[in-house]
Amino acid sequence: MEIIPSNFIEQAVINDINEKGLNKIITRFPPEPNGYLHIGHCKAVCIDFLTAQKFGGITNLRFDDTNPAKEDEEYVRSIQEDIKWLGFNWEAIYYASDYYDFLYDCAIDLIKQGKAYVCDLSADEVNAMRGTLTEAGKESPYRNRSVEENLALFADMRAGKFEDGVKTLRAKIDMAHSNINMRDPIMYRILHTTHYRQGDKWCIYPMYDFAHPLSDAKEGITHSLCSLEFEDHRPLYNWFVENCSLIKPPYPRQIEFARLNIDGTVLSKRYLQELVKGNYVDGWDDPRMPTLSALRRKGYPADAIREFCSRIGVAKSNSLVQPHILEACVRENLNANATRVMAVLQPLKVVLTNYPADKTEQCLISNNPTIENAPKHEVTFSNELYIEQEDFMEFPEGKFHRLKPDGVVRLMGAYIIKCDEVVKNEDGSIKQLNCSVIYDAQEQGIKAKGTIHWLSCKHSIPCKTRKFFNLLKEGETYQKGMLDKIINPNSLVEYNSYIEPFALEQTNAMQFVRMGYYVKDKTSTADLPVFNETVGLKDSK
RNA sequence: AGGGGUAUCGCCAAGCGGUAAGGCACAAGACUUUGACUCUUGCAUGCGGUAGUUCGAAUCUACCUACCCCUGCCA
């Protein structure tokens, strides 16, 4: 069957299959375990896994842990959890740190070929001699050491005979190259730091530019998909793969795509780190965070996030996606799947003066009106109710179809009621509404233009509902170390609300009728049950 | 002696020489025990600009312009 490409990456894969005669496609998702995965990583995960899947291939999960200073086991655990939650299965799980011996051998090979050398220049000196964007660099005075000397020195580096930063292993390429990445890039640096998996076994660590292409090649990766900022690294990627004699064709091919940017959301690990470490948020899974664990806690279905990644597409132009595309995906998914319950976010008491105080009735409410023959559940009705504060207007403006003085409204699944009296507190605020049930509305031909939700005071359960807003103040952008000044103190608003008992039994997302989509926060340790707002309903007129 | 990329509707994005897909957003209407959902309809004589090649150009060529990335012993 002919495969129709849906983006430029798939087109490139098809070309490679035809030209190189590839019989199996292998991709990899290569996170560095130095933070939690966020929605931006999710795009990459989808591209890596779905591209391979489309061609009947496989995807490896590889932790790119070549910098012991930043990495931690907590992150490798969370990353695996998040990928599984998204619904992807890796073929194998690897660690760049497991390749250290192999990479060391590759380095030796390059030294023997005269293509790598030990350099004694300090970091400052290396930077100074690299040249600039418009000027060529200068060759290191250590560039032409003999193979034997390089081999001995490199062995000494590994043996721990030098302090951090005293020596590096560099590739001998071209100090005058127009691409700065090709000006004798560093392959290994000395770092006497304990690695979270390797312990103190090593004191030299490979750089990304050296480790990544060779790790790809070792795993038989056919397509190494990464983001646009690595375009300039591709010539170097190819150089290592083509020059290391331990690597045989077919070589892996690097293809770059634009990373995800979402308007009003900062998707940088260092910003997220700062938020967590500075206690501006309640951990990596705080519902205001763009991490996958936070979105999960907030009730975003994994399928909705995958749908989002599919809708935004794959291309090479730097784009800024509007958050409402994600929200539309979530709304669409929840609308079709979520169990609906009634809840009152900001309550206003209603007393039904002509309904017996000792009477109750059971009203049937559909679990999801968009599903035909969906199960129904009972909600208890009584003479004292809560309705939503915003469903009543003492001085209605425009086309307000809900409750107003002397007006009528339908209580969903129950009666039509009429507002007879507005009872006020001493300070003039509204205390409660005295209303009467119109039992014979049908006979009288009384129709209500509006329908509102309600809850019996005695039969509902107090809870907290939380709404989230942008973490940064309006118009502010992230700046390192500026969080105190630019953080929005109102990024979280909590209400004292009520919910029907049925809601507590629900484990999946649910819709609070007309108020939006909320989900029970299973992670919360608050005394009262907590419901987080996932997405609001589409704006009504 | 700079290099590498990208420009198609408000936002994403297809298109690969034969006369501008789709989604989100928006607007109008229908339906509605929530004003949501659903449904219908509308929404680029135009593809960064200017020349050119061609019967025919978003697609090819040339020259401009704008924006993004690159001078970590980070990834």
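What you see is a predicted model; the values in this text were computed from it and never measured. Convention: sequence-line order gives letters A, B, ...; per-chain numbering from 1.
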Any idea how [X] and [Y] line up, ring-wise: parallel (<30°), tilted (30 to 60°), or perpendicular (>60°)?
X	Y	value
Trp284(A)	Tyr36(A)	parallel
Trp202(A)	Tyr100(A)	perpendicular
His41(A)	His38(A)	tilted

Rounding to an integer number of angstrom, what distance separates [N] and [M] when you compare their [atom1] atoms?
N	M	atom1	answer
U32(B)	G18(B)	P	48 Å
G48(B)	U8(B)	C1'	10 Å
A28(B)	C12(B)	C1'	25 Å
U6(B)	A75(B)	C1'	23 Å
G23(B)	G49(B)	C1'	29 Å
G4(B)	U41(B)	C1'	46 Å
C37(B)	C47(B)	C1'	36 Å
U59(B)	G17(B)	C1'	6 Å

Notebook entry, point to check: If you check every side-chain atom of Ile180(A), which of U71(B), C73(B), G4(B) has the closest atom?
Noted result: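 Nearest to the side-chain atoms of Ile180(A), counting from C-beta on, is U71(B).
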For nucleotides 9-11 of chain B, tabulate all protein N/O to nucleotide N/O atom pairs closer than 3.5 Å, reporting atom names and distance.
from: C11(B); atom 1: O4'; to: Gln322(A); atom 2: NE2; distance (Å): 2.9
from: C11(B); atom 1: O3'; to: Leu320(A); atom 2: O; distance (Å): 3.2
from: C11(B); atom 1: O2'; to: Leu320(A); atom 2: O; distance (Å): 3.1

NA contact type, [X], heavy-atom cut-off 4.0 Å: base, sugar-phosphate, or nothing?
X	answer
Asn34(A)	nothing
Thr370(A)	sugar-phosphate
His177(A)	nothing
Asp232(A)	base
Ala328(A)	sugar-phosphate
Ala123(A)	base
Thr66(A)	sugar-phosphate
Tyr205(A)	nothing
Ile387(A)	nothing
Glu135(A)	base
Lys70(A)	base
Ser317(A)	sugar-phosphate
Phe400(A)	base
Val314(A)	sugar-phosphate

[N] phosphate, OP1 or OP2, under 4.0 Å from [X] side-chain N/O:
X	N	value
Arg331(A)	A25(B)	yes
Arg189(A)	C74(B)	yes
Arg270(A)	A75(B)	no
Asn127(A)	C73(B)	yes

Complementary nucleotide for [N] - Watson-Crick or wobble, under 3.5 Å:
N	result
A7(B)	U65(B)
A20(B)	none
A27(B)	U41(B)
U32(B)	none
C47(B)	none
G2(B)	C70(B)

Next item on the list: Name the residue closer to the 5' end of RNA chain B, choosing between Gly165(A) and Arg410(A) according to the nucleotide with the nearest heavy atom.
Entry: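 Its nucleotide being nearer the 5' end, the pick is Arg410(A).
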Checklist line | Closest-nucleotide ordering on RNA chain B, the 5'-leading residue of Leu411(A) and Ser178(A) | finding: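 The residue closer to the strand's 5' end, by nearest nucleotide, is Ser178(A).
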Notebook entry, point to check: Checking side chain to side chain contact (heavy atoms under 4.5 Å, CB included) against Pro290(A), which of Val266(A), Leu272(A), Ile262(A) comes through?
Noted result: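 When side chain to side chain contact (heavy atoms under 4.5 Å, CB included) is applied between Pro290(A) and each of Val266(A), Leu272(A), Ile262(A), only Leu272(A) qualifies.
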Quick check: [Y] with [X] (ring centres under 6.0 Å apart)?
X	Y	value
Phe512(A)	Tyr517(A)	no
Phe392(A)	Phe400(A)	no
Tyr188(A)	Tyr205(A)	no
Phe381(A)	Tyr415(A)	yes

Protein-nucleotide distance ([X], atom [atom1]; [N], atom [atom2]), rounded to Å:
X	N	atom1	atom2	result
Lys449(A)	C31(B)	NZ	C1'	16 Å
Tyr36(A)	A75(B)	OH	P	22 Å
Ile305(A)	C24(B)	CD1	P	18 Å
Asn7(A)	G23(B)	CG	C1'	16 Å
Arg183(A)	G72(B)	CZ	C1'	15 Å
Leu537(A)	A25(B)	CG	C1'	16 Å
Asn318(A)	A66(B)	CG	C1'	13 Å
Leu326(A)	A25(B)	CG	P	12 Å

Item checked: Min side-chain heavy-atom separation Leu260(A)-Ile39(A) under 4.5 Å ->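 When only atoms from C-beta onward are counted, Ile39(A) and Leu260(A) do touch, with a gap below 4.5 Å.
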Counting distance alone, no hydrogens or angles: does the base of [N] have a donor or acceptor under 3.5 Å from a partner atom on the side chain of [X]?
X	N	result
Arg130(A)	U71(B)	no
Asn179(A)	G4(B)	no
Arg234(A)	G4(B)	no

Note to self: Is G4(B) syn or anti, taking syn as a glycosidic angle within 90° of 0?
What the structure shows: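 Base orientation: anti.
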Check: Just wondering, more than 12 heavy atoms not from Arg197(A) lying within 6.0 Å of its CZ?
Finding: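 Yes, the 6.0 Å shell around CZ holds more than 12 heavy atoms from other groups.
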Next item on the list: Give a yes or no on whether a salt bridge exists between Lys218(A) and Asp98(A), defined as a side-chain N under 4.0 angstrom from a carboxylate O.
Entry: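 Judged by the 4.0 Å cut-off on N to carboxylate O distance, Lys218(A) and Asp98(A) do not form a salt bridge.
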Checklist line | Derivation of the salt bridge (charged side-chain N to carboxylate O under 4.0 Å, His left out) call for Lys269(A) and Glu32(A) | finding: CA-CA 11 Å; Lys269(A) 269 188 194 166; Glu32(A) 184 189 16; 5.3 Å; no
